[in-house]
Amino acid sequence: MPRYDAKRIEAHWQQYWETNQTFRTEDTVPTGDAAKKPKLYVLDMFPYPSGSGLHVGHPEGYTATDIVCRYARMKGKNVLHPMGWDAFGLPAEEHAVKTGTHPRETTEQNIATFKRQLKMLGFSYDWTRELATTDPDYYRWTQWIFLQIFDTWYDADFVWTGPDGVERKGKGRPIAELPIPEEILASGRASALRADSGDTTEENTHGGLTPNRSPEVMEAIRRYQDKHRLAYVSDAPVNWCPALGTVLANEEIIDGKSERGGHPVVRMPLKQWMLRITAYADRLASELDELDWSDSIKFMQRNWIGRSTGAEVDFRTESASGRASALRENAPDEKLNAGNAHGGLTPNRSPFPKEPNANTIRVYTTRPDTLFGVTYMVLAPEHPLVATITTDDQRAAVHEYIRKSSLKSDLDRTDLAKEKTGVFTGGYAINPVNDERVPVWIADYVLISYGTGAIMAVPAHDERDYEFAKAFGIAITQVVAKSPKEPTRQGNIFGMPEGLPFTEDGVAVNSGKYDGLTTADFKSQITNDLTAAGLGKVAVNYRLRDWLFSRQRYWGEPFPIWHELDSEGQPTGLMRADSVESLPVLHPHMDDFKPTGTPEPMLAKATPEWLFKTDTDGVKLKRETNSMPQWAGSCWYYLRFCDNKNSDKFIDPAKERYWLPVDLYIGGAEHAVLHLLYARFWHKVLFDRGHVSRPEPFQKLVNQGMILGDTDYSVSPEVFDRHRAVIEGMGIIPLVLKTDDAEIVALRNPSDDPDAYRPLTEDQVTKEKGKAHLKGTDIELTGRTDKMSKSRKNVVNPDHVVKDYGADALRLYEMFMGPLEQVKPWQMNGVEGVYRFLGRVWRLMIDDRAESVILSSAVVDTAPPQDQLRILHKTIKAVTDDIDRLAFNTAISRMMEFTNFMSGQETRSKSVLEQFILLLCPFAPHIAEELWHALGHSNTLTYEPWPSYDPALLVEDTVEVPVQINGKVRAKIIVPANSDAASLEAAARADETVQKNLEGKLVVKVVAVPGRLLNFVVK
RNA sequence: GGCCAGGUGGCGAAAUAGGCAGACGCACGGGACUUAAAAUCCCGGGCCCCUAAAGGGGCGUACGGGUUCGAUUCCCGUCCUGGCUACCA
């Protein structure tokens, strides 16, 4: 009976941990002696509780963090290790549309399944801290944080020192502290509509809504403030997905289709909430430096932010210089090269205008040093100047092009990317550096949303411009050469000049007085000259766009915002926030969950009681009916875990100071950019507003590698048809699967569960010379490993694994497969292997022929022999070091070696075994507890001290040293471990084989590495 | 197209600072135990060649070069696989 019985053991100890609340973390910040314990906050990326339950990818990261936590507790740390649910999201709502089941009900069922499965695996979570983003008590505070963001504007020039003692420039400040420009205070509503981008050059008055202002001014101030909040409403074109009934963020669209479901997406202008994450772009990029994240993730985040430095430059349009020059601030006689053959910009008294003057094209470029190579310009089709610059001759063509490109989905734009398209507007602009006429085109390779929506095109030094110029026969002028000596291509060159486009740095040519300057010098000098002339300035741009923060679905957080209505019931554009006390804003009751079929949000179908109210001042209000995206809840859950029952605050500041930052955060690389960027952004806003004490939430981040399905053997449909009889005769089941590009027939073994994955086993396949055949046939098979997915029918369900082998075996296998961060294929045989290891550990100490769990007679309570002691201490050192560097696979190998050695021992020291069980505990806690108990202990070993090793026991007396002749191993000698180079050489020369090899040769050199190797270099 | 990660036995992998390539496990082969099987235990093993055997030799970490007494590890080039990103001026 007492064979290793995982099922019995695991059920028993899980019950024990639950009853004794073994893993509960004190809810108060420790004081006195307890405060001396180091804290450790270890976090898993919480899962979306899908209807299909856990798959074996989930427990990979969860096991890793569990090992770290159990180890840390034994090392005497105060550990916080919580789990929760990222539970808002589309699938539950889609299910509701089909069945009428309320999403909350579906969500709760799914959570119950996930929780059962996680508990089944014996993870040491403090379940008293469980939370779901869908709990009203949780999203109450999500809404509260939104209101903080809504109440904040970003003061980019504000210099301050945070609670972390670091001086920064730029701070999110209360909206009430936003300086209001004089013109707003003076002229009220009319000018407020014009004011746009925080023009604070004029002297302004601090804030706000002093009571003795006129209603008109008050309204102007409010509108001005609304434009500067970090959460604001925008009317820009967005990605509307009819199939999903919601808009999507750019990040949620892959190749022009929705990331989820692959539905088509169209662009249309809609009023949407945006979060001004771009304000924090610089800090999000630069403050990555301090974090213990992999370089590749930091790199991806920096790429996503995409900061670039360049210059903005104004080009007068020809029409402007022709008929409206008098209106310009930069008078025409100050044009830049003004008859000066060597070029040069004349300083100008007037500064570079904040907004470009009418009939001026402002461009953004990272290569102002190529200004002399501009041969055309491009406006985005949506650019406001297109209408005025287009000549009558070109108007029809331009209109047609704009119409076509507005119809293009993003997908079309991508597909057509190879072929550049565009239309000449008929208009010209004047290059400020040399007064040349430059034709102005429109083309959709220029995006309205980046930079200024207009570019100066330099085909000689930009790939895209080069492609375009080639397609339309536009002049190409080289202005940068590899070296000053290189023969340069003067003048305009048609066709395909050699060596162009040249996009690297070099030396200026054909650039007037700037000739000979290096790219870097030229850039800084021309930028200075442009600035002095009032024609340009240094500018920074980001690829990062503001975060589209609203969705049109039911199952997301409602916004705590009301819109004011006029007497006709029409929105005035003015907003009011819900009071903090009134939160949460709960979901309304719905009769059905069908999308409206239009961009009108689901919540617009709510009852009037939910939708409307009249405020105390008599103003009629309508609720915001958009909902927040799924990202919202995951932006701050790590904070709430520290204090999940607090009803006064989203987190107690003392607890925040104690637990934050998260010391180790493990999750999938698919969240490398978005979730981590969004969460860091929210954290920084909370930091600026004084709600958290540190600028970054996640100190160390590790991404586990994906687990792929087992090798799946398949044939093409044609091959299958030809051999159908043979294959089916072998009892193999053909499964037709669609891959990206073709249809294949996967060959599977039968099983009870039609969805369960039973690939061909190794002995059903013969492999020779890199080719695989179905055993006993000449049918060639293709073997490959794929992502686990429902459509591939290769998902491994942890329930099945636990049923057959137990949780400890599953945990061990997940870690034994290979390095945590690496992509690895699942092999059911491997589970079998670690299961056998657990059986060996069991038999090491338990008499498996006895009736009950009693120690084997080989276990003796006497002083341990030296060799057992020695391997124990080696194992302690190896396992400890391996856990410290998250190398769990090798730690398990070392424990296997220990077990293999001990199995061969007639008598086994009880104290040695006890120490070993402590090492095993973080990996396979159930069997460890059971054996610990069998060894005579009555307590859980959760808080037993982690074993330490005696370095003296690691030192061997003698070592085997390889002897090389010319780098090839010819002999091995046994020498005292502390032998120096000379005695090593002497011992080697005394060796018979070495002598034979040295015979008749001249030793030119001897390389001796004491303790490691000896090498004779001979001729 | 760009960037990042990777390529080691039949398979998953190891080699932590340039020093014995393949630890540990799977699969496989042989043996023990058993009436038999399962389970368990023991032994074997990169590939090729010479030898009756003991033993010996050569090749080998994707491929081609380089640095070095010595390279899986460092450098240059090529190929392949996976991930991310796709006109960001």
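Residue numbers start from 1 in every chain, and the chains themselves are labelled A, B, ... in the order their sequence lines are given, proteins ahead of strands. Below, all heavy atoms of this structure are taken into account, side chains as well, without hydrogens, waters or symmetry copies. Bear in mind the structure is a predicted one, so any value in this text is a computation, not a measurement.
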Q) Arg970(A) side chain N/O closer than 4.0 Å to the phosphate oxygens (OP1, OP2) of G57(B)? A) yes
Q: Both distances under 3.5 Å, Watson-Crick or G-U wobble: report the partner of G1(B), or none.
A: U85(B)
Q. When the distance from CZ of Arg840(A) to P of C26(B) is rounded to whole Å, what number comes out?
A. 7 Å
Q) Does Glu60(A) pair with Lys824(A) as a salt bridge, N-O distance under 4.0 Å? A) yes
Q. Can any side-chain N or O of Lys523(A) pair as donor or acceptor with the backbone N or O of Pro368(A) at less than 3.5 Å?
A. no
Q. Gly904(A) or Glu897(A): which one's nearest nucleotide on RNA chain B is closer to the 5' end?
A. Glu897(A)
Q.
Under 4.0 Å between a side-chain nitrogen and a carboxylate oxygen: does that hold for Glu814(A) and Arg811(A)?
A. no
Q) Atom NZ of Lys298(A) to atom P of C3(B): distance rounded to whole Å? A) 21 Å
Q. What is the pairing partner of U61(B), taking Watson-Crick or G-U wobble pairs with both distances under 3.5 Å in any strand?
A. none
Q. C74(B) pairs with which nucleotide, Watson-Crick or G-U wobble, both distances below 3.5 Å?
A. G66(B)
Q.
From C-beta outward on Val969(A), which listed nucleotide comes closest to its side chain: A14(B), C20(B), A89(B)?
A. C20(B)
Q | Donor-acceptor pair (no angle test) under 3.5 Å: Lys1005(A) side chain, C69(B) base | A | no
Q. Should the pair Phe888(A) and Phe923(A) be assigned to parallel (<30°), tilted (30 to 60°) or perpendicular (>60°) ring geometry?
A. perpendicular
(Q) Measure CG/Asn966(A) against C1'/U68(B) and give the value in whole Å, please. (A) 13 Å
Q | Cation-pi check, Lys420(A) onto Phe468(A) ring (under 6.0 Å, within 45° of axis) | A | no
Q | Proximal nucleotide (of C41(B), C59(B), A89(B)) relative to the Asp462(A) side chain | A | A89(B)
Q) P atom, G1(B) versus G58(B): distance in rounded Å? A) 44 Å
**Q.** Short N-O contact, Arg362(A) and Glu312(A), less than 4.0 angstrom
**A.** yes
Q: Take atom CZ of Arg543(A) and atom C1' of C3(B), then tell me their distance rounded to the nearest Å.
A: 11 Å
Q | Tyr813(A) OH - A27(B) C1' separation (whole Å) | A | 13 Å
Q. Taking the side chain of Val446(A) as heavy atoms from C-beta outward, which of G12(B), A89(B), A86(B) is closest to it?
A. A89(B)
Q. Out of C24(B), A89(B), C41(B), which nucleotide sits closest to the side chain of Asn900(A)?
A. C24(B)
Q: Scan every strand shown for a Watson-Crick or G-U wobble partner of G29(B), both distances under 3.5 Å, and answer none if you come up empty.
A: C43(B)
Q. Reckon Asn1015(A) has a side-chain N or O less than 4.0 Å from the OP1 or OP2 of U68(B)?
A. no
Q. Which base, if any, makes a Watson-Crick or G-U wobble pair with A54(B), both distances under 3.5 Å?
A. none
Q | Qualifying residue for side-chain hydrogen bond (donor to acceptor under 3.5 Å, both in side chains) with Lys877(A), from Asp881(A), Thr875(A), Thr880(A) | A | Asp881(A)
Q.
Among A89(B), C87(B), G12(B), which nucleotide has an atom closest to any side-chain atom of Thr366(A)?
A. A89(B)
**Q.** Opposite nucleotide pairing with G6(B), Watson-Crick or G-U, both atom distances under 3.5 Å
**A.** C80(B)
Q | Separation of atom CE in Met895(A) from atom C1' in C24(B), rounded to whole Å | A | 12 Å
Q | Rounded interatomic separation in angstrom, taking CD from Glu467(A) and P from C87(B) | A | 14 Å
**Q.** Side-chain N,O (Ser308(A)) to OP1/OP2 (A89(B)) below 4.0 Å
**A.** yes
Q: Starting at atom CH2 of Trp441(A), determine the distance to atom P of A89(B), rounded to an integer number of angstrom.
A: 23 Å
Q. Among the nucleotides U16(B), G12(B), A89(B), which one has an atom lying closest to any side-chain atom of Asp882(A)?
A. U16(B)
(Q) Please compare Gly451(A) and Glu832(A) by the position of their nearest nucleotide in RNA chain B and report the one closer to 5'. (A) Glu832(A)
